[in-house]
Structure formats: structure tokens, C-alpha cells
Amino acid sequence: MTRVELLTVGDELLSGLVLNSNVARVADALGSLGLGLSMVCDVADDLDEIVAALRAATARADIVLCSGGLGPTSDDLTRDALAAAAGVDLVRDPTLIDVIRSRYAQWNVVPTDVALRQADVPVGAEVVPNPQGSAPGLRMELAGAVVIALPGVPRELVAMLDEQVVPYLAKTVATQRRETRTVRVALAGESTIAAALADLEARGAVRFAYVAAPGDVAVRLTGDPELVAEATEQVVAQVGDAAYSTDGRKMPEVLRDLLLAEGGTVAVAESVTGGMVGAALTDPSGASATFLGGALVYATAAKAELGVPADLLAERGPVDPDVAAALAARVRARLGARYGLATTGVAGPDPVDDVPAGTVYVAVDSDKGCVVARLALPPSRDLVRELSVVHVLDLLRRHLLDLPLLDAPASRPVRATRN
């Protein structure tokens, strides 16, 4: 089996200034070939450290991919490290100089002598074209392994993976017939899902991996395509209607597609989430066909301005199921949407008017009726807001598909009317 390792180079990755999202990008590209990463190593911008990491990786792996350190500045040391590890010199490639000058000209910039460092190539290395940037990639053999060095800029990395690396590996590496599918599950704990799938996972026919985010768990299944398809059906059967996609689509994408299928539109009125629901719904491309707009009604007076009855607000306060229902109905009417969503609650850390932190009401309103759920969430401000978004989006999904309301410890339906 072909062993592939990844070195990601940069002080910013080790200091926490930048999230190392290139690991996922490389893993996804390799997955299309039935390959996977055996090891990932983050390396500082230090020549000796990069050389040591290269030598260690090439001693273990058949393919070593590198990300980062190919730019023009003094801390871009990957090309120098490749030359040092191979015991060869760097030679400036005149063809690359022309390419770099041309690329800078497109940006209306004259390259400095420092920028031309990007034309330095270790003796024996092949240049990997970069269609998006000025720093070319490099490919060379080192200690019996093939090393492919790519820029760390995500758009450049992705373009080179798609156009250069994947085709090269497809021709030169013995790949396996493998497939990866992702089943996404809403509002069920990672351990609960793993327990439900334990018997299926124990069969060993398909490899399972779990990626958890607040209110959302991705179950990744990897193996023979036929076995993965069978396992996907079994996962859905085990977790039930909490499984909202089997193709990796996230909740906003699923909602966009459901709304598009029926020609539906949505509007949102947000208090506790402060615009996060609208941001989620507008994240997928094509969202303009389904999302009409929203209202940020953080203050009680703003809720009244939208049309929530003043006597209701005075009697019960802003954190109330009928207030949530009124918000959803009013924003729906105001913007002419088929569906109205609303959130109102206490994010914390302190209670408000004796309402505990973590108390949230989410609502959806349509011609089919109004549904409101009370959430009792962990009293962590960020978590309350993130989970409230997931809950209200899942409430809309269930409303669209006529699924039963979620009845879990953190969520209790308090109103469900159907016309």
C-alpha cells in the first residue's frame, strides 16, 4: 500500500495564528485516488528542522507532499531544504524568471530581486506549474521517495492539486478502489452516534472516522465503494432522521436545495444569534434564490418595532415562546417569505430577568403552522449561540420535510400548530 505523508511548513501554523486547513484540502484530493495520509507534520520556518522532517518522512513514505515555504521572503525555506536534503545546489531557472515577471505584470507590480528567489530550483527537481500564483511547485526524488512541494496559499494549493498532483499520482502510483462518503448528523452527540454504530463499525469492512462540531457530527466512511454504499444506508437506518445528508452537504446547503425544490423562501428575525442564522443561510452559493433577508432585533424595543405586541413583551419579557413565534411570523410577513425563522434567548454568562443563561426559543412559521422549541443549552455564551443556529436550522429542515420535532434533553417542543 502506498504511504503518503504531508509536511506543512510555517511558523504561523505552530503559533496558532493560522488554522492548518490545508491538511483537509490535501486529504480530500488524495481521497479521490483511494489514497490517504499516514502522517502529518507541522514544521517551523527553520532550515535544519525542515531538512530533518524531510529526511524522516522520505525514510518512511513513498510520497511526501509539502505545503508552504515556497514564497520569496527570507522565511520561505522549503526549496533550500530540499536542496540541502538532497545534497545539491540551487540553480536559478531563466524560464521561471520570465514566468514570474509575467505573473507580476498581471498584478501591475515589478518583481524585486527578492521575488526572483522563486525561480531557484534544486538540481534534479522538476517544476510544477502554479496557475494561480508566482511560486512554482517542485517535484524530485529523495531517498527513494517522491517529494512534491506546493505553495501554502489555499487557492494555489487546490489548483495545483487538481491540475498537477492528482493526475501525476493517478499515472504513477498504484491506487486502490476506494471511496469516502460523509453522513452528517444534526444534534446528536458524537459518543451517542458512535455507540449506535459500534456493531456496524466492528465488522471492519469500512473504516469509520468522526468529526464533531457543535451540534453537528460528520461520520466519514471509507472503503470499497459497494461496501461504503451499503454502510451508508445502515448508518442512516441507525441514526434515523437526525442524519440530514449522505453526501457531505452541510445543513445550509441542504436547506437551500430543499427550498429550491419547492420554490420556497426564508426570512429570519434574530436576537440571541445576532445575525449568525442569516450568515449560515447565505453561505452556500445560490442562496440569493432562497434567502430574502432578516432583522436583527437584539433589543426589546427592536422586537416591538418589528411587530411583536408591546403588551406581550411587557408581560413576559423578550425570552418567551410566544415572542419567538411572533418574531417568526412578523419577519415572514414583512419580507414576504414562505418561511420565517426566529431566535430569542439568553446567551449568558449571566441570567436576564431570572431567565437562566442557555435558555433559548427557536421558531419557524409558515402556512403549515408555527413550531416553537425551548432549548436548555450549556451556559457558555459562544456555545449557546452556535447551538441555537443549528437548532433553528434543523427545525426548518424538519418543518420542510414534515419530520417529527426533535425531542432531546436540550430541546423541548413547546408549540406545534399545523394548518
Side-chain angles (χ1 to χ4, degrees), residues 1-9 20-43 50-70 78-79 81-83 85-86 88 121-133 135-182 204-209 220-229 248:
M1 180 176 178
T2 302
R3 181 181 175 93
V4 185
E5 295 192 15
L6 172 64
L7 302 182
T8 56
V9 180
N20 194 354
S21 56
N22 280 346
V23 176
R25 296 180 177 95
V26 171
D28 284 344
L30 293 174
S32 67
L33 298 171
L35 297 171
L37 287 171
S38 299
M39 185 176 292
V40 177
C41 178
D42 295 339
V43 189
I50 301 171
V51 170
L54 281 169
R55 287 174 174 165
T58 53
R60 294 184 300 256
D62 304 292
I63 304 292
V64 177
L65 301 178
C66 297
S67 165
L70 291 177
T78 298
R79 65 176 67 83
L82 281 170
V88 298
V121 178
V123 173
E126 297 181 53
V127 172
V128 180
N130 179 352
Q132 296 289 332
L138 299 167
R139 182 174 63 238
M140 66 185 303
E141 289 192 14
L142 184 61
V146 175
V147 179
I148 305 175
L150 305 169
V153 179
R155 70 176 185 279
E156 299 178 27
L157 176 79
V158 170
M160 295 173 74
L161 286 169
D162 291 344
E163 298 179 22
Q164 305 291 336
V165 177
V166 168
Y168 169 79
L169 293 178
K171 292 179 181 179
T172 59
V173 176
T175 59
Q176 301 172 327
R177 187 169 175 264
R178 284 158 52 99
E179 180 179 329
T180 295
R181 288 195 189 182
T182 299
V206 172
R207 184 172 180 175
F208 282 66
R220 290 173 60 90
L221 311 172
T222 303
D224 177 85
E226 293 181 3
L227 296 177
V228 167

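Count residues from 1 along the sequence. Just so we're clear, the structure is a prediction, and the values are computed from it rather than from any experiment.
Using a 4.5 Å heavy-atom cutoff, the side chains of P151 and L157 are not in contact.
The minimum heavy-atom distance between V206 and V228, with the atom names listed, is CG2-N, 4.0 Å. In this structure, V43 and A53 approach most closely via the heavy-atom pair CG2-CB, 3.7 Å. Listed here is the closest heavy atom pair of A81 and I50: CB-CG2, 3.4 Å. Across all their heavy atoms, M140 and V123 have their closest contact at CE-O, 4.2 Å. The two residues A57 and L7 come nearest to each other via the heavy atoms CB-CD2, 4.4 Å. Taking each heavy atom of V166 and A29 in turn, the nearest pair found is CG2-O, 3.8 Å.
For the atom pair M39 CE and L37 CG, the distance stands at 11.0 Å (nearest 0.5 Å). M160 CE to L150 CG: the interatomic distance, rounded to the nearest 0.5 Å, is 5.0 Å. With rounding to the nearest 0.5 angstrom, the OG1 atom of T172 is 6.0 Å from the CD1 atom of I63. Between the OG1 atom of T182 and the CG atom of D28 there is a distance of 8.0 Å, given to the nearest 0.5 Å. Here the straight-line distance linking atom CD of E5 with atom CG of L54 works out to 11.0 Å at 0.5 Å rounding. Separating the CG atom in L138 from the OG1 atom in T78 is a distance of 9.0 Å, to the nearest 0.5 Å.
Evaluated for a side chain to side chain contact (heavy atoms under 4.5 Å, CB included) with T2, the options L33, L35, L30 yield exactly one hit, L35.
At least one cation-pi condition fails for R220 and F208: the charged atom is not both under 6.0 angstrom from the six-membered ring centre and inside a 45 degree cone around its axis.
A donor-acceptor pair is defined here as one N or O able to donate and one able to accept, closer than 3.5 Å; no such pair exists between the side chain of D62 and the backbone of A145. In this structure a side-chain-to-backbone donor-acceptor pair under 3.5 Å is present from R79 to L70. Checking side-chain atoms of N22 against main-chain N and O of R25 turns up no donor-acceptor pair under 3.5 Å.
Side chain to side chain, S67 and T8 fail the donor-acceptor criterion of an N or O pair below 3.5 Å.
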Could you walk me through whether N20 and D42 pass side-chain contact (heavy atoms from CB on, under 4.5 Å), step by step?
CA-CA 9 Å; N20 194 354; D42 295 339; 2.9 Å; yes

Residue pair Y168, V146: steps toward the side-chain contact (heavy atoms from CB on, under 4.5 Å) verdict:
CA-CA 11 Å; Y168 169 79; V146 175; 3.8 Å; yes

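Within a 6.0 Å sphere centred on CZ of R139, other residues, nucleotides and ligands contribute more than 12 heavy atoms.
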